[in-house]
Amino acid sequence: MVNEIMQTTRPGASTSSTIKSVVNNLTFRYGDFQALKDINMVVHEKQVTALIGPSGCGKSTFLRCFNRMHDLYPDNHYGGEIILHPDNENILSPNVDPIEVRMRISMVFQKPNPFPKSIFENVAYGLRIRGIKRRSILEEKVENALRNAALWEEVKDRLNDLAFNLSGGQQQRLCIARALATDPEILLFDEPTSALDPIATASIEELITDLKNKVTILIVTHNMQQAARVSDYTAYMYMGELIEFDVTDTIFIKPKNKQTEDYITGRFG
Amino acid sequence: MNHVKNLKEIRAVISRHKRWDSLFLVAGVMALMIAILTFIALFSHMLIDGMPRLSWDFFTSFPSRRPEAAGILSAWVGTTLVMLVTAVAAVPLGVAAGVYLEEYAPTNLLTEIIEINVTNLAGVPSIIYGLLALGLFVYQLGLGQSILAAGLTLALLILPIVIVATREAIRSIPVAIREGAYALGATKWQTVADHILPYSAAGILTGVIIGLARAIGETAPIITIGALTFIAFLPPAPVQAEFPFLSFEWLMAPFTVMPIQMFNWVSRPEEAFQANAAAAGLVLVVMTLLMNGLAIYLRYHLRKKIKW
């Protein structure tokens with residue numbers, strides 16, 4: 001299955017890269033609702049992979065499998081595997097603690113969700129729960145994360161201010177800094193700009209493009225232009241199935257599947 | 001022409017509908033007035049009767065057979081100590097139960113039954129708690145007719161209020177905040193201790209104070225467990241001059257509380273004792289209002305940081 005997908009992806013458009021994660025026959029069900037059906041895909045290391053599709057197609061559900069977010073709620077059933085490289089661990093295995101998975105894979109949410117704490121404490125929280133107490137280490141890592149999230153210059157003089165006093169776009173960059181501070185292997189974005197104005201959206205998109213040198217990125221978006229702008233690979237999903245997965249340029253210029261083409265050209269969805 | 005006619009019709013419809021607005025306005029203001037005026041009437045009646053009796057001596061004197069010498073020293077000290085025990089017992093129990101139900105309890109039939117019953121407990125008549133406490137605390141556990149027994153009884157009484165307030169405060173925290181903490185790899189306990197409890201503190205505190213404000217006026221359960229109606233000594237002081245300086249003997253001391261003192265005076269035939277009762281009632285109402293005021297202040301102050 002994996003090989004099949006490997007053949008259909010032509011890494012020529014982007015740079016050829018190593019595989020960070022392989023999704024094998026993933027299914028997900030909550031209650032009686034089969035939300036994901038037999039998904040096979042690869043995630044390339046230090047590349048941006050976009051998940052697109054109409055509302056309710058399961059793209060967010062798929063994303064939230066990567067950090068076992070569904071485990072927070074009752075009646076969830078995973079099937080298949082999500083293998084993380086290089087250690088070849090199936091993060092969906094019942095033997096793997098979801099907390100361990102969440103420490104390796106960070107997430108940025110749809111609406112900015114800073115904690116009602118200071119800017120500094122927001123970014124430091126992930127470090128604190130990893131047991132880092134030394135002020136000097138915390139300060140260094142918080143500064144690094146804020147720099148990587150392109151927020152340092154704006155907030156360096158008011159790190160003790162409440163995070164709620166920042167603008168929406170700044171709050172979202174703060175949440176990105178919070179997710180980056182712990183040096184994750186994969187960064188998940190769940191429609192990160194849907195609550196933001198166009199200018200803030202542009203800055204977040206620029207940031208995502210910059211971040212790809214440092215971290216593997218998976219992004220869910222309902223905005224096709226956004227997927228085209230920021231991603232190297234795109235997966236089109238519909239009704240819980242992965243319809244087509246390929247290099248972004250191929251998906252947008254000459255998709256192989258009629259359904260994908262209809263969606264991309266706006267005939268549907 | 002047609003448009004003009006149409007406009008007239010629209011205006012007629014609007015003015016007809018607006019009549020209901022004004023009608024409800026009048027009805028609403030009247031309903032509010034009935035509630036507020038009743039309280040003001042009661043309070044001013046008490047104020048006129050009791051005000052002349054309020055003096056420093058009234059607070060520092062024990063009850064007496066002579067109305068002009070009688071005071072509420074043992075009553076307000078008793079009330080304060082009982083409230084202290086109530087708060088110390090009810091807060092940790094109520095908050096822990098609320099956190100468990102919201103964050104830890106699995107969703108199943110048993111949890112649902114417990115949830116419904118917690119809400120129902122808030123409606124159980126207070127005398128029932130008194131009977132329970134008489135059997136359990138006073139006799140079974142041998143606490144006697146003590147401050148400890150009274151405090152625990154009232155703690156049971158306000159436990160549902162604290163639990164419900166805790167749960168509501170926790171539920172008002174957006175899902176996104178909770179998920180944000182978990183997504184960083186926090187355990188349940190870390191999420192509760194670092195986020196859930198601090199962000200819901202204002203709501204919890206408000207619930208606790210509203211609970212205590214209810215408990216402070218409770219008479220029936222305290223009488224049931226056998227509080228004294230005439231007591232001319234104070235419980236042993238909690239701070240001692242000699243080692244180990246702290247004493248918990250007061251927990252086991254006999255006591256009386258404000259509402260019982262009032263009840264005792266009201267049932268006396270002499271007119272002068274009625275003034276004493278009014279004065280004590282005034283003190284009790286002011287204590288309750290102060291507690292509610294504190295709740296409002298704390299809610300406002302603690303919520304300043306939080307916007308949702």
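Not measured: the values here are computed from a predicted model. Side-chain atoms are counted along with the backbone in the values below, which use heavy atoms only and exclude waters and symmetry mates. Letters A, B, ... are given to chains in the order of the sequence lines, protein chains preceding strands, and every chain is numbered from 1.
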Q | Atom CG of B/L7 with >12 non-hydrogen neighbours under 6.0 angstrom | A | yes
Q) Would one find more than 12 heavy atoms of other residues, nucleotides or ligands at under 6.0 Å from atom CH2 of B/W76? A) no
**Q.** Heavy-atom closest contact (A/N113 atom, B/I177 atom, distance)
**A.** O-CD1, 4.0 Å
Q) Distance from B/L184 atom CG to A/F115 atom CZ, nearest 0.5 Å? A) 5.5 Å
(Q) Between B/T107 and A/Y73, is the side-chain contact (heavy atoms from CB on, under 4.5 Å) condition met? List the steps. (A) CA-CA 10 Å; B/T107 38; A/Y73 304 98; over 6 Å; no
Q. Is chain A contacted by the side chain of B/Y182, its backbone, both, or neither, given a heavy-atom distance below 4.5 Å?
A. both
Q: Heavy-atom distances under 4.5 Å only: say whether A/L162 touches chain B with side chain, backbone, both or neither.
A: side chain
Q: Flag yes if more than 12 heavy atoms outside A/K212 fall under 6.0 Å of its NZ atom; otherwise flag no.
A: yes
Q: Identify whether the distance between the nearest side-chain nitrogen and carboxylate oxygen of B/E179 and A/R102 falls below 4.0 Å.
A: no
Q. Quick check: are there more than 12 heavy atoms from other residues, nucleotides or ligands sitting under 6.0 Å from NE2 of A/H77?
A. yes
Q: Ignoring hydrogens and angles, tell me if any N or O in the side chain of A/N67 forms a donor-acceptor pair with the backbone of B/A183 under 3.5 Å.
A: no
Q: Quick one: closest heavy-atom pair of B/A186 and A/Y125, and the distance?
A: CB-OH, 4.0 Å
Q) Contact part of A/R64 toward chain B, heavy-atom cut-off under 4.5 Å: side chain, backbone, both or neither? A) side chain
**Q.** chain B contact via A/L188 - which portion, at a heavy-atom distance below 4.5 Å
**A.** neither
Q: Would you mind reporting whether B/H195 and A/K117 have side-chain heavy atoms less than 4.5 Å apart?
A: yes
Q: Return yes when atom OH of B/Y297 has more than 12 non-hydrogen atoms of other residues, nucleotides or ligands closer than 6.0 Å, and no otherwise.
A: no
Q) Contact part of A/P112 toward chain B, heavy-atom cut-off under 4.5 Å: side chain, backbone, both or neither? A) neither
(Q) Is A/R130 close to chain B through its backbone or its side chain, or both, or neither, when contacts mean heavy atoms under 4.5 Å? (A) side chain
